[in-house]
Amino acid sequence: MTAQEYIVLTFATITCFSALLLLLSKNLVKALILLFVVLLGTAALFVLNGGDFLAMAQVILYLGGILILIMFGVMLTQKGRSEEAQSGWSFPLSAATISGIIFCGLMLMVAESRKALETNPSINFNPTTEIIANILTNQWVFAFEAISVLLLIAMLGAAWISGIRNEKIA
Amino acid sequence: MKNLLFIQHYFSLSGVVSYAGYASLLFLFSAGLGTLIGKKGNQLTARISTLVSAAALLLGLFASTSTLFGEIGISSARFSFWGFAGSEFPLPAFSILFDKPGALIFSIVLFISLVVHIYSLGYMKGEANLSRYFVFLDLFTFSMLMLVMAGNLFTLCIFWELVGFGSWLLIGFWTEKRTAGIAAQKAMILNRVGDACLLAALLIVTLVLQGGDFLGIEELAARWRNSGWITLAGLFFMGGIMGKSAQFPLQIWLPKAMAGPTPASAMIHAATMVAAGVFLLFRISPLIDPVAGFTIACIGAFTAILAGLSACVQWDIKKLLAYSTISQLGIMVVAGGLGGAQASIFHLSTHAVFKCGLFLSAGILIHAWPKGKGDPQDIRNHAQFSGVPLWFKGALLFQLAALAAIPFFSGFLSKEAILEVTAAWSFSAHNRLGALGFIPIVLLLLNSFITAYYSARLFLILFSKEVKRTIHFHSSSFMIFPALILSLFSFFIFWSFPNPFNPAQSWMLPFLGKRLDLGEVHGVVWVSLFFVGLGVFGAWFIFGLNKNPNLRTGKNTVLNLIYSHYYLDTLYDRLIAGLFFRMSRFSRWVDVHVIDGWVKGAAMLLWGAGKFSYNLVSLSWQIEKRMIDPVLLLIVDGVKTSASRLKETQSGKIQQWVIFSLILLLILVLIFSYFIV
Amino acid sequence: MTFLLTTTTAAFLFCLGIAMVIARKNAILALIGIELMLNASNLNLVAFSNFWPQKENAHVAILFVMAIAAAEVAVGLAIVLKVYRKFRTLELNELDALTEE
């Protein structure tokens, strides 16, 4: 076990543990913080698997975008200031069962794939930014533009759904 | 159209025969006129009727003499009443035949009819329904004349029944008398029995033997000789004769029929209607084969004896004369059955004259008896008449002598003819039964004795010197004259000239056709004379010497038996009528108890079924309530709870949907993994 | 080892995401669970992309997934806000107006 693998282990543990706590927490704010940790851990795992640009994209998009959005959502849907945001569980047994089964299934698949592949892949830590840029603007440019349009549509749609249309934009 | 044709043919009967037709029609016309005139013109109807009778007699005599003396020959008219000219349809034609024997009887009937009409003017004087009486009388005469003129069996049958109907009308003339109505009904019924037999005979002759015309009857008999059908037809004819001419066992209607008016009895039951049977026998005599003929003769002889015995003990004069008629008819039937139909017609003619005369004389006596003093028909009462004129006694004597067949009288001649024929037959080759074949003659001789006995008895009782005579006798000239005329004709001279002893010299016989060749038996006359003498002597012995004619009334059973004519009447009443009454009572019982009971039973059954099903229903309801319902409710509950539980899956909660989707996904993955891996 | 750990983590996160979606009452927490699932699939793809000589192609795909996830969160939160404004509650158990009862 190399040092790199230990670091991967650490970050994996942190991520999994946080996610577990996230599942089991009643407090909404706590859930947000834990989500923050999970996303950060995932970004680290991205780096350790050779996807440096992806890690940056993860941090910017998820942590800087999605998490903020969720935080705003939480804040806007509070009943009052005095009580804290609490949330219980519904269908706990069904959830545990199903997720357990799926986990087992997935682990089986992992084991199967590892057996088939026999060797651990050698990770290439070269910088990927330039190549990603190249792919995005040369090969997958259409998809790139489509995604842009999609994002535009999503923004418009979100704005419309939330009913901001009739309000004055400050 | 066809009916008009018939009428046209009828009036186009050739020559003299048409007069005969007119004579008959005159009576019909008179009857119709009488119906129209009604009650108001009683006297008018009576007079018209009598005049018509006289006119008809003249016409009839003219026609008859012309026919008899052969200038015209046999005239007959045939025409098809049904209009089926030349078709295969086997219906007989309506035919008129006026031949010599027919002419003879025709004249006699007309003569008797005139006599009775004149007599009725006197006898029925003061009767409220006089015109109705004459209408009936004329109707009857018309039917009888047409019967005599009938040319085939079919036509004869028609008028046969019509004559019976006329008799019914006349017997029951006095509608207020209940006995008269019952007697008329009895006569009709017994006649109908005879008519049924005649119908059977008619059917056999017409359909099987393919005949029926009287002209060709000898050829028909020759064709069908030795056939069983002939015998059968003969037996059925015998049945018809039994009904109409009052032979055993259908003879009891005749004594009962004396409930009608006396002139009607004289006409119908002495001279004409009862003679129709004998006339029929004469007409069909070729068809009678030995078997049927002997049966007829035996029955006739037997009846003669039975009736004669009953006549010997009667006190009612009309009943006595009725039994006497039956007895004499029996004699005629004997002769007719054994092949001597000519003799029977001869006796028929003489009998018509003297019997009618006797009835009229009896009517005089009855009429003279004052009302309310007892039975006007009892001869013991008649014996009490004082001042009875000699002519009346003489008339009665002549008629009774003719009846008893005393020499010098008509009855002797005709009876002797019959006895001769019967004896000759017994001795001839036709008699195949040996000793049995002598039964008719023996019985006839016995009957001579009986007849003579009761005739003498009647005379002796009526004019007995021992009875106190208190009632004054009277009668009207209308009644006297006919009786006298008839008694005159009872004398021998009008029948056989010049010999009073030999019937073969009678002017009548040649006209009646040829008779069977039976040979001659001469001794029979003396034997019969012996019996006659014996009878007269016996009566004189009992009634002449004895003081009191009431002596022979008693409780003697045998006498009672004979007096009531062997209780035949009661027997028939109890047996046949009683049978029918019992049957109808039985049917009523069946109807009330069985049929209605069945209906009631069905209703009870339905009610019971209803009750049972009601109980069943309530029982099943109980079962349902106790046993089935809980189970059902349980099932319902289960379904309800499971339904509500199942309903919860559709709660509308998103996460539940997610769960289900994932479960489905897992299942699908599991399934497909087997195919992929 | 890296590969194994990464894929295990991805599997774990995925299952937790499903559990979050099923088991949490709050709608926002369910959305977080969806995000977790997406993240887990991204992580898995990164781990597997190392087998490719050109792993940047997989990375581009992952970028697209991230973009779509962002768009989805935006729209989802807009809906959540709308729902909250109408029903005054975000508990998923109570948002069952689509049933007949």
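The sequence lines fix the lettering, A, B, ..., with proteins before strands; numbering per chain opens at 1. Hydrogens, waters and symmetry mates are skipped; everything else that's a heavy atom, side chains included, is used.
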Would you compute the distance between atom [atom1] of [X] and atom [atom2] of [Y] and round it to the nearest 0.5 angstrom?
| X | Y | atom1 | atom2 | answer |
| --- | --- | --- | --- | --- |
| L81(C) | S162(A) | CG | OG | 6.5 Å |
| L48(A) | L5(C) | CG | CG | 10.5 Å |
| I123(A) | N50(C) | CD1 | CG | 4.5 Å |
| L24(A) | M20(C) | CG | CE | 9.5 Å |
| L13(C) | L20(A) | CG | CG | 10.5 Å |
| S49(C) | N124(A) | OG | CG | 10.0 Å |

Looking at chain A, which one of [options] has the largest number of heavy-atom pairs inside 4.5 Å, strictly under?
| options | result |
| --- | --- |
| L29(C), L31(C), T89(C) | L29(C) |
| K25(C), K55(C), E35(C) | K25(C) |
| I32(C), L90(C), V21(C), L36(C) | I32(C) |
| E91(C), Q54(C), H59(C), K82(C) | H59(C) |
| V60(C), L4(C), N57(C) | V60(C) |
| N42(C), V83(C), N44(C), V80(C) | N42(C) |

Please name the pair of heavy atoms, one in [X] and one in [Y], separated by the smallest distance, quoted to 0.1 Å.
| X | Y | result |
| --- | --- | --- |
| A23(C) | P92(A) | CB-CA, 4.5 Å |
| A158(A) | A74(C) | CB-O, 3.7 Å |
| L76(A) | Y84(C) | O-CE2, 3.9 Å |
| L106(A) | C15(C) | CD1-SG, 4.3 Å |
| L151(A) | A71(C) | CD2-CB, 3.8 Å |

Heavy-atom pairs under 4.5 Å with chain C are the metric here; pick the option from [options] that has the most.
| options | result |
| --- | --- |
| G73(A), G51(A), A19(A), C16(A) | C16(A) |
| L67(A), I101(A), I132(A), V110(A) | I132(A) |
| A154(A), G88(A), S94(A), A96(A) | G88(A) |
| L93(A), I70(A), I98(A) | I70(A) |

For this session: Report yes or no: does R24(C) contribute a side-chain atom to a donor-acceptor pair with the main-chain N or O of S90(A) at less than 3.5 Å?
Result: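 Not confirmed, R24(C) side chain does not pair with S90(A) backbone.
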
For this session: With sequence neighbours excluded, give me every side-chain hydrogen bond (donor to acceptor under 3.5 Å, both in side chains) pair touching residues 36-60 of chain A.
Result: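 Residue pairs passing side-chain hydrogen bond (donor to acceptor under 3.5 Å, both in side chains), neighbours aside: N49(A)-T6(C), D52(A)-T128(A), Q58(A)-N39(C).
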
Side chain, backbone, both or neither: which part of [X] has a heavy atom under 4.5 Å from chain C?
| X | result |
| --- | --- |
| A31(A) | side chain |
| L23(A) | both |
| L28(A) | side chain |
| Y62(A) | side chain |
| V74(A) | both |
| L34(A) | neither |
| T13(A) | neither |
| L69(A) | both |

Note, [X] side chain near [Y] side chain (heavy atom, < 4.5 Å):
| X | Y | value |
| --- | --- | --- |
| F53(A) | E56(C) | no |
| V8(A) | F3(C) | no |
| F103(A) | I18(C) | no |
| F12(C) | T15(A) | no |

Interface moiety of [X] toward chain A, non-hydrogen atoms closer than 4.5 Å:
| X | result |
| --- | --- |
| A40(C) | neither |
| N93(C) | side chain |
| L77(C) | side chain |
| L92(C) | neither |
| L43(C) | both |
| L63(C) | both |

For this session: Please step through side chain to side chain contact (heavy atoms under 4.5 Å, CB included) for the pair L22(A) and L16(C), ending with a clear verdict.
Result: CA-CA 9 Å; L22(A) 172 61; L16(C) 282 175; over 6 Å; no

Do other residues, nucleotides or ligands put more than 12 heavy atoms under 6.0 Å from the [atom1] atom of [X]?
| X | atom1 | value |
| --- | --- | --- |
| F125(A) | CZ | yes |
| F11(A) | CZ | no |
| F64(C) | CZ | yes |

Could you list the donor-acceptor pairs under 3.5 angstrom formed between side-chain atoms of residues 135-146 of chain A and any protein atom two or more places apart in sequence or on another chain?
{"unit_1": "T137(A)", "atom_1": "OG1", "unit_2": "A133(A)", "atom_2": "O", "d": "2.6"}
{"unit_1": "N138(A)", "atom_1": "ND2", "unit_2": "N134(A)", "atom_2": "OD1", "d": "2.6"}

